[in-house]
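Letters go in sequence order (proteins before strands), and every chain restarts at 1.
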Amino acid sequence: MSIVVFTEKNKAAAQIAGILSGGGFNRASIDGIPVYDFKKNGKEWRIMGLSGHIMGYDFPPEYNNWKECDPAVLLDIDPVKNVLKKPYAIAISKLAGHADELILACDFDREGENIGFEARSIAQKVSKAPVKRARFSSLSAGEINQAFENLLEPDENLAMSAEARQILDLRMGAAFTRFLTLAVRERAHTKGVISIGPCQTPTCGFVYERERLIRDFESKDFWKIEGLFSYSGKDFMGTHRGGHIYDKAKADGIFRRIKDCKKGIVAKKSEKESAINPPYPLNTTEFLKRASKFLGISPDTALEVAEQLYLAGFTSYPRTETNKYADDFDFKASLIGFSSGEFREQVLAILSQPEIRCRNGTRDGHDHPPIYPIKAANRQEVEKNVRMPDVWKVYDLIVRHFIANLMPPAVFDKTRLEVHVRDEIFDTTGSIMKDAGWLAVYPFETKNDKFLPNVELNKEVDVKKISNTKSRTTPPKRLTEAELLTLMDKNGIGTKATAPSHIETNKKRGYFETKGKSIAILDTGFTLMESLDSTVPILVKPDIRARIEALIQDVEDGQKTFENSLEEGSHLIKEMYSQLSSGKEQIVMKMAGTITDENISSDKKNFIGECPECGRMLRIINTDKGRFVGCSGYPTCKKTYSLPKTGALTVMRSKECKKEGVAIVKVGNKYHWSVGMGPCFTCDSEKVCFPPDVVGPCPKCDGSMFILTTKDTRFLACTNRCGYTQSLPKEGRLTIQKKCGQCDWKQIRLKAKDKDATEMCINLRCASRRPNRS
DNA sequence: GCAAGGTC
């Protein structure tokens, strides 16, 4: 009798072999893939770990050329399933050929059931052996023995629900991505891909929604009244109960009534102890959030580092939903290694308790324990074995979190005072840490003490100052990666293992980028989301994932057949597709702008600025017939500005046209131009945008004399062009200095090469026409 | 070349 078991991964195979065999198993290998053999009760067991999914869907090859295949066709073509990891398929066949019984022992979830079915489909080509399912929620000895003693039937519905997800995700992703990419390429020259997916798009949607809030935010003035009080020589602050007061008259009224008061009364006082519990154990999402928030490591990188720490045996399996430890979890075994190092004191305290108490969370994915340290190690050891940047920081976080989790709460003494100044109420709170508890090993969250003087109820305090300060409300902040992960988690976007990859996809596509810990949307991402929001709004919101999820949940529950849910899902996708294609012109018009815009704005020589008509990019265009400034939105936006036919063009980046908000272009050395305003010196905004270097009033009219530089010479000219001029030295750098003192002109400073600088007044009518050495 | 889900 030969029994063959397939698990989701090698690690699980080894562990299960160890448990079922009681430790006595052989490690063999089939074409490099580990297989664990042992004998038990006269039966021969062979356990092999898969590598997650070993098969995957794709469209038949004839639909793989984007240009020759209308993306809409993909809505009706069924993708086909192929083996992606050949060596595993071969090993499965070899093992199954000799099996009398096959057992699927992958993770107990949708994808796990599906992965098991992949192995089954390969095995059944060579074997007629019955196929059973071992279902367990953790890799503990108790659960595993129990599961293998009570084998179940494989769950067709569970497996097929994952199948439906795969097909719907691919159908939608491929059709929409190809459609948009090809459509944009009709207008803009780009190799880039505009991708859409049921997880990546709503992920970008979250970032977009926040950006909308920021851009649409209207700042309001408010006033805040604060009091500086003093009792027995110690100062403390209080804030008026009105908080942010938006009515200036009201704030002023309060302020006037009490500003000259010298005394206040402590009308209420409460003291209470407050405890802050340690955080729940780390599941993947929580780990990624904290790595981002505390260490500034991106979710993608953090997961990779944790993976390597796991493979090197330092920490436990990093992909887990569970944030509670099993009742029989052996804390002692994991703690003992830390009882001599930096955490000696705390760990010994934990170990000395009659029973180790842990603050557990409530999520149980029935998969793996929370992330915890397997092995105590010092920095050198960790860095030697895992050569990745920040590996120590990540390990240190996991260790500290694990220990903190077993420690008592941090305890604070909190005092609240209510100070009355006349009839106005000021609130103030103080907080003093009485017992650091878990915070002693968790430096990432610091709570500063805030001291208050020890003042009793109904005592009088001095009022040193009452202030009434004006502030403005500020727009919401950009999302941090940690917040984005929280939103994704809450809305069921992605899974513990895939959430970071959806964030990465958006970055790769140029939809958003991270700046420090926060996420900034890019032009392409914003425009795409804005376009989708007005054509296929469901895509931008988590609803799309929820709709697909509901369909496949029905398959899992047996409420719908696989075929029916696939049909419904495809119908939904078709509906969205038709909305998308009816909005094609509108979307493409905007999107093409952002694609070319990216090239344009990096083209420093020709980039002018934002088009005042449509918001896209203005740049200098050179043609055979001449040159002009045009908008990247052409042909939709026909905004142009003419340019002089000759003369070198320089975009003056430091100056800005105040009239239309575009750049100022300097033409040759002869004139100054502001785009769209004609020659700058005839525009009514000239003095604002490109202030002439005025030296002083014109002696002939009410204009001003300014330095006019031309290609060949320079001289003083009148801003009114009244005809009065005055010559200037030909050599050297001219800068305008402070007022002369003896007349109403400004002095100029002349610095010629190899000569000392001179400062002088050049007004011919000035009394002191003597150069001063400086 | 397209998605999202596993795992290494």
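Nucleic acid contact class of F176(A) (heavy atoms, under 4.0 Å, all strands): none. Note on G494(A): only backbone sugar-phosphate atoms sit closer than 4.0 angstrom, heavy atoms only; bases stay farther off. Within 4.0 Å (heavy atoms only), I196(A) reaches sugar-phosphate atoms of the nucleic acid but no base atom.
Remark: P of dT7(B) and CE of M55(A) are 18 Å apart, rounded to the nearest angstrom. For the pair I552(A) CD1 and dA4(B) C1', the computed distance is 11 Å after rounding to whole Å. If you take CZ of R547(A) and P of dA3(B), they are 22 Å apart, rounded to a whole angstrom. Atom CD1 of I54(A) and atom C1' of dG5(B) are 14 Å apart (whole Å). When the P atom of dC8(B) is taken as reference, atom CG of L50(A) falls 10 Å away, rounded to whole Å. Nucleotide dC2(B) holds its C1' atom 9 Å from the CD atom of Q200(A), rounded to whole Å. For the pair K85(A) NZ and dC8(B) P, the computed distance is 8 Å after rounding to whole Å. Computed from coordinates, the D70(A) CG to dC2(B) P distance equals 19 Å when rounded to whole Å.
Residue whose closest nucleotide on DNA chain B sits further toward the 5' end, between Q308(A) and N64(A): N64(A). Residue I167(A) is the one, among I167(A) and Y317(A), whose nearest nucleotide of DNA chain B lies closer to the 5' end (criterion: closest heavy atom).
In this structure, K590(A) forms no cation-pi arrangement with F526(A), as its terminal cationic atom is not both closer than 6.0 Å to the ring centre and no more than 45° off the ring axis. A cation-pi contact links R120(A) to F117(A), judged by a cut-off of 6.0 Å to the six-membered ring centre and 45° from its axis.
Comparing atom distances between the K9(A) side chain and each of dC8(B), dC2(B), dA4(B) picks out dC8(B) as nearest. Closest to the side chain of W66(A), out of dC2(B), dG6(B), dG5(B), is dC2(B). Here the nucleotide nearest the side chain of R319(A), chosen from dG5(B), dT7(B), dC2(B), is dT7(B). Ranking dA3(B), dG5(B), dC8(B) by closeness to the N10(A) side chain, first place goes to dC8(B). With dG5(B), dA3(B), dC8(B) as the candidates, the nucleotide lying closest to the side chain of P198(A) is dA3(B). The nucleotide whose nearest atom lies closest to any side-chain atom of D169(A) is, among dA3(B), dT7(B), dG1(B), dA3(B).
Between F402(A) and Y372(A), the ring planes lie tilted relative to each other; the angle falls in the 30° to 60° range.
In this structure, R165(A) does not reach the dG6(B) phosphate: none of its side-chain N or O atoms is under 4.0 Å from OP1 or OP2. At the phosphate of dA3(B), neither OP1 nor OP2 sits under 4.0 Å from any side-chain N or O atom of H502(A). Taking side-chain N and O atoms only, T495(A) has a distance below 4.0 Å to OP1 or OP2 of dG6(B). Listed pair R509(A) / dC2(B) meets the phosphate criterion, a side-chain N or O lying under 4.0 Å from OP1 or OP2. Neither OP1 nor OP2 of dC8(B) sits under 4.0 Å from any side-chain N or O of S51(A).
Side chain to side chain, Q553(A) and R110(A) meet the donor-acceptor criterion of an N or O pair below 3.5 Å. Defined by atom type and a distance below 3.5 Å, a donor-acceptor pair is missing between the side-chain atoms of S501(A) and T498(A).
The pair E101(A)-K132(A) does not count as a salt bridge, with every side-chain nitrogen at least 4.0 angstrom from each carboxylate oxygen.
With hydrogens and angles ignored, a donor-acceptor pair under 3.5 angstrom links the side chain of D58(A) to the base of dC2(B).
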